[in-house]
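Note that the structure is a prediction, hence the values are computed from the model and not measured.
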Amino acid sequence: MAMKPLSLSKPVLSLFFLLLRKLAGRHHRGRMAATTKPSPPPPPLPGLDRLHGRTLVVDVEAWILRPPVCAFPYFMLVAIEAGGFLRGLLLLLLYPLLCLLGDGARARAMATVALVGLEEKEVARVGRAVLPKFFLEAAAAEGVAAVQAAARVVAVSATFPRVMLDGFLREYVGVDAVVGPEVRSVGGVLAGLVDEEHAAEMAAKRLRVLFGAELEAAGKKGAVGLVGAASSGRVHYLFSPYYCKETFAVGEADTRGWRPLPRNRYPRPLVFHDGRLAFAPTPPAALAMYTFLPFGIALVAFRSIAFSFLPYRICFPVGALTGMHYRLVAGHVPGGAGAGGGRLYVCNHRTLLDPVFVAAALGKPVTAVTYSLSKVSELLAPIRTARLTRDREKDRRNMAAVLARGDLVVCPEGTTCREEYLLRLSPLFAELGVDVNPVALDTRVGIFYGTSTKPGAKWMDPFYFMMNPRPAYRVEFLPRAAASRGGRGDSIDVANRVQRELGRALGFELTGLTRKDKYMTLAGNEGVVPPAP
């Protein structure tokens, strides 16, 4: 029998009793700490040459992320992206109480509020598709360099559950194994953190499967442990002499000059990521977002009405009064009609609103072709839309018929890309045998992203974009590209030439990635919605 998702009452009650126990024991722990002997000074930090070819056990919060690490934004991201804005609001309201706890107890309490009752696969999706962007922005260049120098790496976290870190550390940093707090699952629904002893047993089994007897013998072979000197609580067992022959502790003075990891030094380029929030939701930032939400909903309603019913010459000045920024770069804006019908406009794909802003820049209606568009978006769209079927020959005939009746806008990337990359362009548009008018588009948002890979949430993409207080669109018409002379090879050359022109105008990096690559990375599928029977 299918399990029903747990309500929010269970994490709240669990948190209440945990808070009482921690407060009751704080005085006793303080007296015991006063009699503890000071630890000897740590050895000097190792150079990268000492890590080459070694097995490395590294503390995530002390080495990979720049200290001091605030865990709240990451738990808030999981709460909102996997559980919704109400769960995020609950975490925000409880946070002042959680600050009364110690670091370890506070992290376990935030994990309880953020995770309990959610589907395990959805939390894993957020850890794989949403969190890597924010973890990379908080990564330390020196710590990542140490990880890259070692032969085998085990990353250890005392703060973040393994399900939150696994995607980031394995796919974007290149570690071999991740050890952290484990979350108990009942029928695919997360039911709470397991105790530390059980988590240690689970980690030992997983490491034995991955390393065999290598890690157990690492103490003799020369494994290196990198830990934080100011780590609260007991040191993780993997840093014990049984596993690590050498252990180096990094202190506050050592990390004071550590630099953020530059984008061009990411171990793997961050081309795709998902999620609605475009900022790290620290407690002050999260409070500001929830305060703004009622005003944002009013902005969405007003802007949607303006875009849907007002003429182009009026709707954008009205949008500018509400904070929208629209910039048309003086370039090669075509005029008149194309030879034998309308003009073909080929643009990169930033949001579902791309054809609308192209039409506004032209000052006349256009038709946009799309593979999948929700009924709501189709109903509210201020321009005509035409559906494609993924049947190449049929789609080519449909596009030619639309182009014969008027101007046509296509986004041959096939899907949106948030970062400064251009995906491979499908050459189908070049097979129409007409001149191509490339259009370079760029967007800027401050709070919410207007794109998503979740099928049930894509219809809200334009609304989230318009919910930003100051969203920006930049439109630039580029010189016309000559039509294909016929043949598949020539159409591919035209598509590649248009991609290069778009990349040069925008300053974006060119890739050979496609829609399939994006959805396999973020959602674990090919991004094709099966047709209804």
Side-chain angles (χ1 to χ4, degrees), residues 300-320 322 324-329 333-338 341-389 395-416 426 428-429 432 434 436-443 450-452 458-467 471-478 502:
V300 168
F302 183 81
R303 289 169 175 172
S304 298
I305 294 173
F307 273 80
S308 299
F309 300 106
L310 295 180
Y312 296 125
R313 290 179 297 178
I314 300 178
C315 67
F316 280 96
V318 171
T322 66
M324 293 192 71
H325 180 71
Y326 172 73
R327 181 186 179 192
L328 174 61
V329 179
V333 181
R343 292 186 179 274
L344 176 62
Y345 299 96
V346 175
C347 59
N348 59 304
H349 204 5
R350 302 297 277 178
T351 74
L352 287 177
L353 297 174
D354 291 341
V356 178
F357 281 87
V358 172
L362 294 170
K364 59 181 179 179
V366 299
T367 301
V369 292
T370 176
Y371 283 110
S372 59
L373 192 66
S374 69
K375 296 295 184 183
V376 176
S377 300
E378 197 169 13
L379 179 65
L380 296 178
I383 61 175
R384 294 185 298 271
T385 59
R387 289 182 177 272
L388 299 181
T389 63
D395 289 341
R396 189 188 63 81
R397 291 196 302 267
N398 291 340
M399 292 171 62
V402 173
L403 187 60
R405 297 192 298 265
D407 292 344
L408 176 64
V409 176
V410 298
C411 301
E413 287 181 291
T415 188
T416 57
S426 169
L428 181 60
F429 71 89
L432 298 177
V434 298
V436 177
N437 297 274
V439 186
L441 302 175
D442 199 7
T443 60
T451 58
S452 174
K458 290 185 68 64
W459 68 274
M460 299 185 67
D461 288 354
F463 301 116
Y464 272 103
F465 179 83
M466 290 188 289
M467 197 184 295
Y473 241 99
R474 177 184 180 273
V475 182
E476 180 179 1
F477 290 90
L478 304 181
L502 292 173

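Once rounded to the nearest 0.5 Å, the distance linking NE2 of His325 with OG1 of Thr443 reads 12.5 Å. For the atom pair Glu413 CD and Cys347 SG, the distance stands at 8.5 Å (nearest 0.5 Å). Between the OG1 atom of Thr451 and the NE2 atom of His349 there is a distance of 9.5 Å, given to the nearest 0.5 Å. Separating the CH2 atom in Trp459 from the CG atom in Leu352 is a distance of 13.0 Å, to the nearest 0.5 Å. Between the CE atom of Met466 and the CE atom of Met324 there is a distance of 7.5 Å, given to the nearest 0.5 Å. Within the model, atoms CG of Leu403 and OH of Tyr345 stand 10.5 Å from one another, a figure rounded to the nearest 0.5 Å.
With a 4.5 Å cut-off on side-chain heavy atoms, Asp354 and Val409 do not count as touching. Two residues are said to be in side-chain contact when any heavy atoms from C-beta on lie closer than 4.5 Å; Met399 and Leu388 meet this criterion. Proximity of Arg350 to Asn348: side-chain heavy atoms (C-beta onward) are separated by under 4.5 Å at one or more points. Side-chain contact check for Leu353 versus Phe307: every heavy-atom pair is 4.5 Å or farther apart. Residues Thr351 and Phe357 are not in side-chain contact: their nearest non-hydrogen atoms beyond the backbone lie 4.5 Å or more apart.
Using modelled atom types, no side-chain atom of Ser304 and backbone atom of Ala301 make a donor-acceptor pair closer than 3.5 Å. The closest donor-acceptor contact from the side chain of Asp407 to the backbone of Arg343 lies under 3.5 Å.
Paired with Val369 under the rule side chain to side chain contact (heavy atoms under 4.5 Å, CB included), one option of Leu408, Leu428, Asn398, Asp395 passes, and it is Leu408.
Scanning all heavy atoms of the two residues, the minimum distance from Tyr464 to Gly450 falls at CB-CA, 4.5 Å. Of all heavy-atom pairs between Ile383 and Val366, the closest is CB-O, 3.6 Å. Listed here is the closest heavy atom pair of Cys315 and Ala306: CB-O, 3.4 Å. Of all heavy-atom pairs spanning Ala360 and Tyr326, the tightest one is C-OH, 4.0 Å. Minimum heavy-atom separation, Ala386 to Val402: CB-CG2, 4.2 Å.
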What do the steps show when you test Asn437 against Phe477 for side-chain contact (heavy atoms from CB on, under 4.5 Å), and what is the final call?
CA-CA 7 Å; Asn437 297 274; Phe477 290 90; 5.6 Å; no

